[in-house]
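Source: prediction; values computed, not measured.
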Amino acid sequence: MNNKEVRVRFAPSPTGGLHLGGVRTALYNYLFAKKHGGSFVLRIEDTDQGRYVPGAEQYIIDCLEWCGISPDEGPHKPGPYGPYRQSERKPNYRKFAEQLIESGNAYYAFDTPAELDSMREQFKSESNPSPQYNSIVRDHMKNSLTLSSEEVKKLLDGGTPHVIRIKIPTSSDVHLNDMIRGEVIFNTDQVDDKVLLKADGMPTYHLAVVVDDYEMKITHAFRGEEWLPSAPVHVLLWEYLGWKENMPLWAHLPLILKPDGKGKLSKRDGDRLGFPVFAMDWEDPKTNEITKGFKEMGFLPEAFINMLALLGWNDGSGEEVLSLDELTDRFSIERIHKGGAKFDFEKAKWFNGEWIKRTNNDTLLPLIKQIFQNNGIDAEVKLLQQIIPMVKDRCHLLNDFIQQSSFFFIAPAEIDTASVKPKWTENKTAFFTKWIEVLQSLPDWDAVIIENEFKKMAEAEQIKPGELQLPLRIMLVGGKFGPPVFEIASLIGKSSTVSRIQNGLQAIEQA
RNA sequence: GGCCCGUUGGUCAAUCGGUUAAGACGCCUCCCUUUCACGGAGGAAUGAGGGGUUCGAUUCCCCUACGGGCUACCA
């Protein structure tokens, strides 16, 4: 770190929804940058024109903003090291690839995809199911190592499609000092001659990540563990380009795994198991298929990032509910785990419940109002202000407010008569019929008064109040849930209470 | 197949050679509540296996097993 300003980057590909793992990588970048007073850069790695998805970039920016971890520099927020889209940096890469050819660390390769296929077919064997373009194979291929310089020049001048590959040295060890994993050693005999510059002139990830990290003065590079196997290529590139001194410190993050089976979490798992995998709703522009996001599922951003931060890291204190500021304060790379963590949606919901409880009612209000609106209910603000503190403790998701309080605004569509019908008796019908009259004559409409009257009358009728309270609840809210029943009655008002009892009685009789 | 990474209850995990092996989620019981929750009190449940090193290993080393990642002109 030696006095250099900390600069980190989150470098996603704009290929679709932003995955949990991606958000966590962005989050760790953000936490680390903020903790050290550094800069957090967003770089769009759109070098694969075939996988580019329009709208994905803006979506990523929106997700980060929702999470409260917006980058300091990026395509949306120009800084001194732009442009921040690799496609716009295209002219930049070729010269470095050619510089590598110049220094003997790379070469032109003219093999067609078909020739590569047949090579793989030819070298494929029981003991080597996936042959690589390596030091042995390259001698049998069409490249500037096997062709004469005249032939190469002719091909180049003739505009023959070609790529530039790194020339991996034989039998040497590449050392990588990972901040999380310590020293990892790779033998170059296991590494293949990766393509650096594609036939379309675009760099591959391998070249682009090194060039851009260098030019953007990145000091610490976080990425998923799936990148570890290609790390030696990157280390070699830093060396060959003469930038070794400036190579960022690497941190390969553990993966987020499927809750059940094995393997890394994918969008499919979310669909299959019924929980979101993306930060926010993602609509595929091709198919118009919408994949649910945590936001729309009713998560608070504070809870979402809190849960993610703790998936693979903790501060050792045992405290789990932490704000972004607290996370920033406590974050440390040394405490990031090495092993992958299975995602647990139940725990995620618990985090959200905790955050709903500790979020101001005023902050909650517009969110809840919006959710009601989405459900076709125009919730009156004054009423909401009374309802939110009453029900927030029973909600794990913001959407739970619908189940827990929609009956304040509209009469229940369905009534759970099955819970009361078996124990229903004639005298209960009589009770409620009479009770309606009492209610109508009540001068003041107040929860305590209603409750007292209710109990008084139950006693007079010689029925246990408990036997009557559940039916009353069912009639007012539709089921066995919600806050104290007399408070509900008080809030929905006399006429609604009376009409719901009337309808309820009818429904129970008919059931 | 090869290479690399990993392995404490069902899940997230603390422990940095000596502990009755924390805590949280989930689950179960009880209390509160004649709704559902919240809250409170309890409970069941963990060091993959085998070798070393050491007075002493969950902790250090090795092997095995298991899990994962990578093995594209995708990132």
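Here A:Arg358 does not pair with A:Glu302 in a salt bridge; the nearest charged N to carboxylate O distance is not below 4.0 Å. Under a 4.0 Å N-O distance rule, the pair A:Asp416/A:Lys480 does not qualify as a salt bridge. Salt-bridge annotation for A:Lys455 and A:Glu459: absent, with no side-chain N of the basic residue lying under 4.0 Å from a carboxylate O of the acidic one. The pair A:Lys349-A:Glu346 meets the salt-bridge criterion, since a charged nitrogen lies less than 4.0 angstrom from a carboxylate oxygen. A salt bridge links A:Arg51 to A:Asp48: at least one charged side-chain nitrogen sits closer than 4.0 Å to a carboxylate oxygen. Between A:Lys428 and A:Glu467 there is a salt bridge, with a side-chain nitrogen of the basic residue lying less than 4.0 Å from a carboxylate oxygen of the acidic one. A salt bridge does not link A:Glu215 with A:Arg43: every distance from a Lys NZ or Arg NE/NH1/NH2 to an Asp or Glu carboxylate oxygen is 4.0 Å or more.
Across all strands, A:Glu320 comes closer than 4.0 Å to base atoms (heavy-atom distances). Across all strands, A:His337 comes closer than 4.0 Å only to sugar-phosphate atoms, never to a base (heavy-atom distances). Residue-level contact check: A:Ala199 touches the bases, meaning some heavy atom is under 4.0 Å from a base atom. In this structure, A:Pro12 reaches neither bases nor backbone, as no heavy-atom distance under 4.0 Å exists between it and the strands shown. Among the atoms of the strands shown, only primed sugar atoms or phosphate atoms (P, OP1, OP2) are found under 4.0 Å from some heavy atom of A:Val184. Across all strands, A:Gly263 comes closer than 4.0 Å only to sugar-phosphate atoms, never to a base (heavy-atom distances). Heavy atoms of A:Lys349 sit nowhere under 4.0 angstrom from any nucleic acid atom. Among the protein residues, A:Leu468 comes within range of no part of the nucleic acid, since none of its heavy atoms lies under 4.0 Å from any strand. The residue A:Ser13 sits close only to the backbone: its heavy atoms come under 4.0 Å of sugar-phosphate atoms, none of a base. Within the nucleic acid shown, A:Pro483 comes within 4.0 Å of at least one base atom, counting heavy atoms only. Residue A:Ser230 is out of contact with every strand shown, counting any heavy-atom pair closer than 4.0 Å. Residue contacts shown for A:Gly50 are absent, as no nucleic acid heavy atom lies under 4.0 Å away. Using a 4.0 Å heavy-atom distance criterion, A:Asp111 is classed as a base contact. When heavy atoms are screened at a 4.0 angstrom cut-off, A:Lys392 is found touching no nucleic acid atom at all.
With B:rG6, B:rC73, B:rU15 as the candidates, the nucleotide lying closest to the side chain of A:Arg335 is B:rU15. Among B:rG1, B:rA75, B:rU34, the nucleotide with an atom closest to any side-chain atom of A:Lys464 is B:rU34. Taking only side-chain atoms of A:Glu346, from C-beta outward, the nucleotide of B:rC74, B:rU71, B:rG26 with the closest atom is B:rG26. For A:Ala341, the listed nucleotide lying nearest its side chain is B:rA13; candidates were B:rA13, B:rU35, B:rA75. When distances run from any side-chain atom of A:Asp48 to the nucleotides B:rU35, B:rC74, B:rU71, the shortest one goes to B:rC74. In the set B:rC74, B:rU15, B:rG1, B:rC74 carries the atom at the smallest distance from any side-chain atom of A:Lys198. Picking from B:rG1, B:rA24, B:rG6 the nucleotide with the shortest atom distance to the side chain of A:Trp350 gives B:rA24. Checked against B:rU34, B:rC3, B:rC74, the side chain of A:Gln190 finds its nearest nucleotide in B:rC3. Here the nucleotide nearest the side chain of A:Glu225, chosen from B:rC73, B:rA24, B:rC5, is B:rC5.
Judged by Watson-Crick or G-U wobble contacts below 3.5 Å, the nucleotide B:rC70 has B:rG2 as its partner. Judged by Watson-Crick or G-U wobble contacts below 3.5 Å, the nucleotide B:rC16 has no partner. With a cut-off of 3.5 Å on both Watson-Crick or G-U wobble distances, the partner of B:rU7 is given as B:rA65. Across the strands present, B:rU35 finds no partner; the criterion is a Watson-Crick or G-U wobble pair with both atom distances under 3.5 angstrom.
Atom P of B:rG67 sits at a distance of 40 Å from the matching atom of B:rC30, rounded to the whole Å. Taking the P atoms as reference points, B:rU11 lies 26 Å from B:rU20, given to the whole Å. Taking atom C1' in both B:rC60 and B:rC74, one finds a spacing of 41 Å when rounded to whole Å. Spacing of P atoms, B:rU29 relative to B:rA13, comes out at 29 Å, to the nearest Å. One P atom belongs to B:rG52, the other to B:rA44, and the distance between them is 34 Å to the nearest Å. Taking atom P on both B:rU34 and B:rC12, the two are 39 Å apart, rounded to the nearest angstrom. To the nearest whole angstrom, the two P atoms, one in B:rU8 and one in B:rG1, are 24 Å apart. Taking atom P in both B:rA41 and B:rG68, the straight-line distance is 40 Å, to the nearest Å.
In terms of phosphate contacts, A:Arg120 brings a side-chain nitrogen or oxygen within less than 4.0 Å of OP1 or OP2 of B:rC73. In terms of phosphate contacts, A:Asn314 brings no side-chain nitrogen or oxygen within less than 4.0 Å of OP1 or OP2 of B:rC12. Proximity of A:Arg51 to the phosphate of B:rA75: no side-chain N or O atom is located under 4.0 Å from OP1 or OP2. A close approach under 4.0 Å does not occur between any side-chain nitrogen or oxygen of A:Lys342 and OP1 or OP2 of B:rU7. At the phosphate of B:rG39, OP1 or OP2 sits under 4.0 Å from a side-chain N or O atom of A:Lys357. Note on A:Lys480: every side-chain N or O is 4.0 Å or more away from OP1 and OP2 of B:rA37. OP1 or OP2 of B:rG1 has not a single side-chain nitrogen or oxygen of A:Ser130 nearer than 4.0 Å. Regarding contacts with the backbone of B:rG69, every side-chain N or O of A:Arg223 stays at 4.0 angstrom or more from both OP1 and OP2.
The environment of CG in A:Leu156 is crowded: more than 12 heavy-atom neighbours from other residues, nucleotides or ligands sit within 6.0 Å. More than 12 heavy-atom neighbours from other residues, nucleotides or ligands sit within 6.0 angstrom of CD on A:Gln49.
Protein atom CD of A:Gln49 is 8 Å distant from nucleotide atom P of B:rC74, rounded to whole Å. With rounding to whole Å, A:Gln132 atom CD is found 9 Å from B:rC70 atom C1'. Between A:Asp344 atom CG and B:rG10 atom C1' there is a gap of 9 Å when expressed in whole angstrom units. Rounded to whole angstrom, the span from the CE atom of A:Met202 across to the P atom of B:rC74 amounts to 11 Å.
Map A:His162 and A:Pro484 each onto its nearest nucleotide of RNA chain B; the residue landing nearer the 5' end is A:Pro484. Remark on RNA chain B: of its neighbouring residues A:Gly340 and A:Ile185, the 5'-side contact belongs to A:Ile185, judged by nearest-heavy-atom nucleotide.
You'll find a donor-acceptor pair under 3.5 Å spanning the side chain of A:Lys347 and the base of B:rA24, going by distance alone.
With hydrogens and angles ignored, the 3.5 Å screen pairs no side-chain donor or acceptor of A:Lys194 with any backbone N or O of A:Ser230.
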